[in-house]
Amino acid sequence: MPTVEGQPVRSGAADDPAWRIRRTEADLNRLAETESIFALSNGWIGWRGTLDEGEPYGMPGTYLSGFHEQRKLDYPEDGYAFPQRSDTVISVPNAALVRLWVGDEQLDVRTGTLRHHERVLDLRGGVVERHTEWVSPAGHGVRIRSTRLVSLSRHPIAAVRYEVEPLDGPVELRICADLQANERVPERSDDPRAASVISDPLTAEYRRGVGTDGVLVHRTEHSRQRVAVAVTHQVDAPDLFATDTDLTPDRLRVAVTGTLHPGERVRVTRFAAYDWTSVDGTPAPELADLVAEAAQAARAEGFDGLLADQRAALDVAWQTADVLLDGDPELQQAVRFAVFHLLQAGRPDVDRTIPAKGLTGNGYDGHVLWDTEGYVLPVLTYLAPAMVRSALRWRHTHLPEARERAAELRLTGATFPWRTIGGRECSGYWPAGTAGMHVNADVADAVLRYVAATDDQEFLAGAGLEMLVETARLWHGFGHRCADGTFHLAGVTGPDEYTALVDDNVFTNLMARRNLRGAADAAQRYPDVAARLGVTPEEIAGWRSAADAMAVPYDRERGVHQQSAGFTELPEWDFAGTGEDDYPLLLHFPYLELYRRQVVKQADLVLAMQRFPGDFTAEEKARNFAYYEARTVRDSSLSASAQAVLAAELGHLDLAYDYFAETVLQDLADLGDKTGDGLHLASLAGAWLAVVQGFGGMRDDRGVLAFAPRLPARITRLAFSLRWYGHRLR
């Protein structure tokens, strides 16, 4: 039985491996993967975990939430309502770079002798620590320690502390702390899921430097955004060390030079502040003043102060977010890693959402997908609800664009984009994008779940109600009735992207039904607000009637629900004739072949059973799970968590455990060979769902919080907390 405000979470010793992700070698073949795993973020700034020196690298990246450039979409054959431009995340000036020369030789882990190299992501401290001992080709040895953080309490701030000591005799050093714009990002064109790289996307607009302080301001050409980065430094070095600054349009370099003797140490601490606005917003000099003031304030607090604030913020967060899982140390560490990256992906104090990769990489062009409302927000609703409110308010901010898109598509209400950064549809592949209309119900579902868990009536009466109304209008206008009175949604694509343009996808229909009923309930709860939105009693009655008549396809002969109308009658996929190297199928088979067969990319009908457990009997769940288990290839990282939840509910606990391991190790083990593009936040969120909904048996779909715990043999104890109506339940 859960307790209200139970005992504090187990703190763990500083060297507890369950709280620390450690890499002890410079694996040059897995640089990009390591950079994603060691990425730091605060929902506003994202620093990939590149080496301090900047080279070698897999994919450098410094990201700001919402900052992007636009590129033109080219079609062999254009068509009506095809998006003409796409948003693409771009890297802003990188303030994490610290390059080191020992004598005339630059530190590079590929040269000289690497005596020791260790990097650690501290999940309790919220920092990345680096310890390296390197001997140059000429035989001069140094010890390097660095610590970097992206502040959870000060959203514009990131900082790095870099220390050097000689290993043996005296060494001549040159330490260069660089603020670098327009870093080179390698092309990764072998996979359609990789990002589109724009060369030199930033144009220098303003710069200034005073002593070891400086600011660079750049702008983009097409998205018309302006970014400013300010840096200030604290240098602790022997008296004979010299400091100088070099400022160019794309780089600010603070260099510290001198001779270091045994027993001496030089430390360079950099404080950086980031902000962006539209070109028509704050002028460049004023934006420069704002970030410079923020950087100076961070320096006044000091690096140790920032470290203490970071630890304090995470101590509070972990009181709710920690999951205790005894019996498997590897998965205990992995689930904490997953939750950590969810906690640092969003912000509670600014209206920003969470992209599919967070701010850890440029995969999917940095786009926001349905992963956010479908996986990430349902978890953060119970761990950090203020972040969910901010993300949903961001959706509301872009409601005008959603209304415009619906009108362009000849639809009523609002149609939220399948892929976006700036609020407009960026998906050029319309069978999976535009037709994936469940994204609208995903947004509505996130609103309803958030309100159900928090009772935030202020939000519901404002932004929440407006989004519910406009999405309900979409479904009511989009659907149609058959002669028997049933309500149908035709020509949509559900979560399974290997089955497109279908009728009555069960997941979509059930989500739309919840959307229609939730909008009706909210409109009747706040009739004055609804009236201002033009909602009439007749419209509400129409929503309820459509919801009550929603079609849910069922194959009586086979005794299973159909993923979509007629799905179970399609030809079977030839699994026996498909080799291991043919996966993922989308890279080896035409969609024409995939769309016409019973092969499932990501859990669809199983996901519907996870979301709507009360709408299926135990017998139906068992038959459905067995049927679709045999046809799901999991070419998507979104599948394993839903399969884990249903497998656990049905008593297949060993299978559920395996699926949980798959989703929680998706990035730490790079199971899909795509972690280098950024972390799979939906999969990390799915790990929490597999634990809490699967093994903890948590259900809340009927407005009542309930638990039916069931543990696999390899887990001997499970404990977790969540927020419910302002209380912490443990």
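For clarity, every value in this text was computed on a predicted model and none was experimentally measured. The chain is numbered in sequence order, starting from 1.
- Taking E401 as the reference, H398, R424 meet the side-chain contact (heavy atoms from CB on, under 4.5 Å) condition, with sequence neighbours excluded.
- For the side-chain hydrogen bond (donor to acceptor under 3.5 Å, both in side chains) test, residues two or more places apart in sequence or in another chain that qualify with D615 are R513, R702.
- Scored by the salt bridge (charged side-chain N to carboxylate O under 4.0 Å, His left out) test, R714 finds D658 as partners (sequence neighbours excluded).
- For the side-chain contact (heavy atoms from CB on, under 4.5 Å) test, residues two or more places apart in sequence or in another chain that qualify with E538 are T536.
- Remark: R389 pairs with D456, E458 by the salt bridge (charged side-chain N to carboxylate O under 4.0 Å, His left out) rule, at least two apart or across chains.
- By the salt bridge (charged side-chain N to carboxylate O under 4.0 Å, His left out) test, R525 pairs with no residue at all, sequence neighbours left out.
- Applying the side-chain hydrogen bond (donor to acceptor under 3.5 Å, both in side chains) rule to E470 yields the partners R403; only residues at least two apart in sequence or on another chain are considered.
- Within the structure, ring-ring contact (aromatic ring centres under 6.0 Å, His included) pairs that include any residue of residues 505-529 comprise H438-F507 (at least two apart or interchain).
- Between R514 and D442, no side-chain nitrogen of the basic residue sits less than 4.0 Å from a carboxylate oxygen of the acidic one, so the salt-bridge criterion is not met.
- D654 meets the salt bridge (charged side-chain N to carboxylate O under 4.0 Å, His left out) test with no other residue; sequence neighbours excluded.
- For T471, the side-chain hydrogen bond (donor to acceptor under 3.5 Å, both in side chains) test picks out N515, with sequence neighbours left out.
- Within the structure, the side-chain hydrogen bond (donor to acceptor under 3.5 Å, both in side chains) test picks out the following pairs touching residues 637-648 (sequence neighbours left out): E629-Q643.
- The aromatic rings of F720 and F707 sit tilted relative to each other, their planes meeting at an angle between 30° and 60°.
- Among residues two or more places apart in sequence or in another chain, the side-chain hydrogen bond (donor to acceptor under 3.5 Å, both in side chains) test is passed with H476 by none.
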